[in-house]
Protein chains: 2
Amino acid sequence: MSQADTVTRILDSAEQLFAEKGFSETSLRMITTRAKVNLAAVNYHFGSKKDLIQAVFARFLTPFCNKLDKELNALVASNQQPNLHDVLGVLANTMLTGVHLTGNANKLSVFMRLLGLAYTQAQGHLRRFLRENYNETYSRFILYLRNAHPELSQREIFWRIHFAIGACVFTMSSIEVLRDMAIADTGEDSGIDEVMRQMIPFLAAALER
Amino acid sequence: MSQADTVTRILDSAEQLFAEKGFSETSLRMITTRAKVNLAAVNYHFGSKKDLIQAVFARFLTPFCNKLDKELNALVASNQQPNLHDVLGVLANTMLTGVHLTGNANKLSVFMRLLGLAYTQAQGHLRRFLRENYNETYSRFILYLRNAHPELSQREIFWRIHFAIGACVFTMSSIEVLRDMAIADTGEDSGIDEVMRQMIPFLAAALER
DNA sequence: TACTGTTTAAAACGATCGTTTAAAACAGGA
DNA sequence: TCCTGTTTTAAACGATCGTTTTAAACAGTA
């Protein structure tokens with residue numbers, strides 16, 4: 001087994017288990033058992049559990065933010081004053097096409113769950129890591145949203161955006177449970193595409209109002 | 001020190017620490033140290049850590065749901081067909097006036113954070129406990145929301161409600177992180193009451209559209 | 001005061017955690 | 001083939017966890 005294999009298998013397993021259970025509830029022994037590598041491999045290749053957590057986020061967040069940056073560049077190149085739908089459309093498109101989570105079938109669900117963990121379970125080190133590495137893209141995205149609605153105060157924009165993020169993160173990270181509940185409630189299944197089709201006007205209505 | 005004192009002090013400390021750190025990140029030794037009681041007192045009075053977690057939720061959720069039930073009774077007694085604002089208003093009012101978290105200064109913040117934990121960190125036992133004890137009030141509340149908009153399909157109502165729940169839960173469980181981000185972003189702090197004041201019209205706009 | 005059941009106290013239990021160690025296995029070039 | 005640096009392995013480390021044990025302190029009653 002090559003080094004790349006071991007590192008990748010650890011990242012894959014950690015990604016799945018973190019998304020499923022959270023950070024503290026996932027032990028290195030769970031990760032290395034699922035990855036079929038030796039326990040010490042984590043500390044050898046990554047240094048510590050904290051570094052592994054950061055590596056898991058870096059692996060999918062770096063290409064995601066790069067893709068988002070490119071798309072935002074393309075957007076402002078073709079449209080000096082993009083409106084809310086334009087900016088949100090870029091985000092949705094990047095999420096649907098630019099997320100690569102190796103070895104996981106339901107990529108979007110894992111992506112959202114990890115994103116949710118970044119908010120709800122972020123210890124100091126992870127919050128610092130994310131801010132240092134991805135705050136630039138994040139701030140830029142927020143800025144475009146703000147520019148689309150210059151009549152709103154910074155505070156209003158901030159909280160509306162994060163209410164919307166909350167709806168996204170919660171829905172997508174519990175999508176399996178919610179679909180089961182929807183079947184029990186309405187008698188019919190709701191495909192992911194239908195859920196997203198309903199969520200986008202929901203978010204737009206809540207943001208624009 | 002009387003038994004009631006010991007039990008109450010454990011509940012107070014556990015409540016604070018759970019809200020602050022989550023369940024797994026809070027050890028019984030942290031709790032008993034802060035409560036200034038012996039370590040074994042938790043297992044003596046509550047049985048286990050899981051039972052303590054449930055007791056913490058029961059202490060504030062039972063009076064909260066009783067209050068909410070009463071308010072909902074009063075609402076339908078005075079208004080056979082309450083609209084969305086009425087129902088959401090009852091919820092907001094109950095949250096603002098009917099929450100008693102002993103020994104904590106910022107009660108609403110702790111309440112929100114615990115509610116968020118109930119969704120994001122609930123392992124099997126807590127989810128089961130909450131469903132068994134509080135699902136009736138919860139279902140009733142959802143029903144009134146649905147009745148307020150009979151023109152919408154069950155599916156539409158279902159997903160809108162859960163998008164809204166997502167915005168609430170996410171905001172509640174990440175409130176400290178978000179307030180920090182808001183300070184970094186806007187330069188000013190946003191009090192919890194202000195966040196709620198902004199969230200309610202957000203939810204109403206998103207639900208009614 | 002002596003007795004009884006309840007509560008608190010200190011100490012230890014076994015399990016699990018992240019991490020480290022030291023040796024074995026491996027790979028590639030001289 | 002031998003050497004060298006890298007990677008994997010098995011085992012152990014110290015720390016911390018939830019829980020249990022056993023005895024001491026306490027409160028109420030007769």
Side-chain angles (χ1 to χ4, degrees), chain A residues 1-59 117 121-129, chain B residues 1-59 102-103 117 121-129:
Chain A
M1 193 188 297
S2 74
Q3 172 186 359
D5 269 354
T6 301
V7 168
T8 301
R9 294 159 69 92
I10 290 173
L11 286 172
D12 288 347
S13 301
E15 188 175 271
Q16 288 178 279
L17 286 165
F18 286 155
E20 189 181 321
K21 300 172 176 298
F23 303 129
S24 326
E25 293 79 4
T26 301
S27 70
L28 295 184
R29 285 169 176 83
M30 291 182 198
I31 295 171
T32 53
T33 298
R34 176 174 298 204
K36 296 196 173 84
V37 303
N38 189 270
L39 168 63
V42 169
N43 288 282
Y44 176 75
H45 286 289
F46 296 94
S48 70
K49 187 179 182 180
K50 287 182 179 178
D51 292 319
L52 172 61
I53 292 173
Q54 295 179 9
V56 165
F57 275 83
R59 187 173 63 153
L117 283 185
Q121 289 196 19
Q123 314 292 37
H125 76 96
L126 181 57
R127 208 177 299 175
R128 227 172 299 122
F129 172 79
Chain B
M1 190 187 301
S2 74
Q3 171 185 0
D5 270 353
T6 301
V7 169
T8 302
R9 293 160 68 92
I10 290 173
L11 285 173
D12 288 347
S13 302
E15 187 175 271
Q16 288 179 279
L17 286 164
F18 286 155
E20 189 180 321
K21 300 171 178 297
F23 303 128
S24 329
E25 293 79 4
T26 300
S27 70
L28 295 183
R29 284 167 178 84
M30 291 182 198
I31 294 170
T32 54
T33 299
R34 175 175 297 204
K36 296 195 173 86
V37 303
N38 188 271
L39 168 63
V42 170
N43 288 282
Y44 175 76
H45 286 289
F46 296 94
S48 69
K49 187 179 182 180
K50 287 182 179 179
D51 292 320
L52 172 62
I53 292 173
Q54 294 179 10
V56 166
F57 275 83
R59 186 174 64 154
T102 321
L117 284 184
Q121 287 196 22
Q123 307 299 34
H125 77 96
L126 180 57
R127 203 167 294 179
R128 225 173 301 121
F129 172 80

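Within every chain, numbering begins at 1; the chains are lettered A, B, ... in the order of the sequence lines, protein sequences first and strands thereafter.
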| query | Do A/D12 and A/R59 come close enough that some side-chain heavy atom pair is under 4.5 Å? | reply | yes

d([atom1], [X]; [atom2], [N]) in whole Å:
X: A/Y44; N: C/dA22; atom1: OH; atom2: P; answer: 17 Å
X: B/N38; N: C/dA9; atom1: CG; atom2: P; answer: 5 Å
X: A/K36; N: D/dT9; atom1: NZ; atom2: C1'; answer: 17 Å

| message | Quick check on D/dT6: is either OP1 or OP2 less than 4.0 Å from any side-chain nitrogen or oxygen of A/H45? | response | no

| note | Its contact letters, B for base, S for sugar-phosphate only and - for none at protein heavy atoms under 4.0 Å, make nucleotides 12-18 of chain C read B----BB

| message | Does anything in residues 15-38 of chain A form a ring-ring contact (aromatic ring centres under 6.0 Å, His included)? List the pairs, not counting sequence neighbours. | response | A/F18-A/F23

For [X], enumerate each residue passing the side chain to side chain contact (heavy atoms under 4.5 Å, CB included) test, keeping only those at least two apart in sequence or located in another chain.
X: A/K50; result: A/S48, A/H125
X: B/L28; result: B/I31, B/L39, B/V42, B/N43, B/K49, B/L52
X: A/A55; result: A/L11, A/F46
X: A/T33; result: none

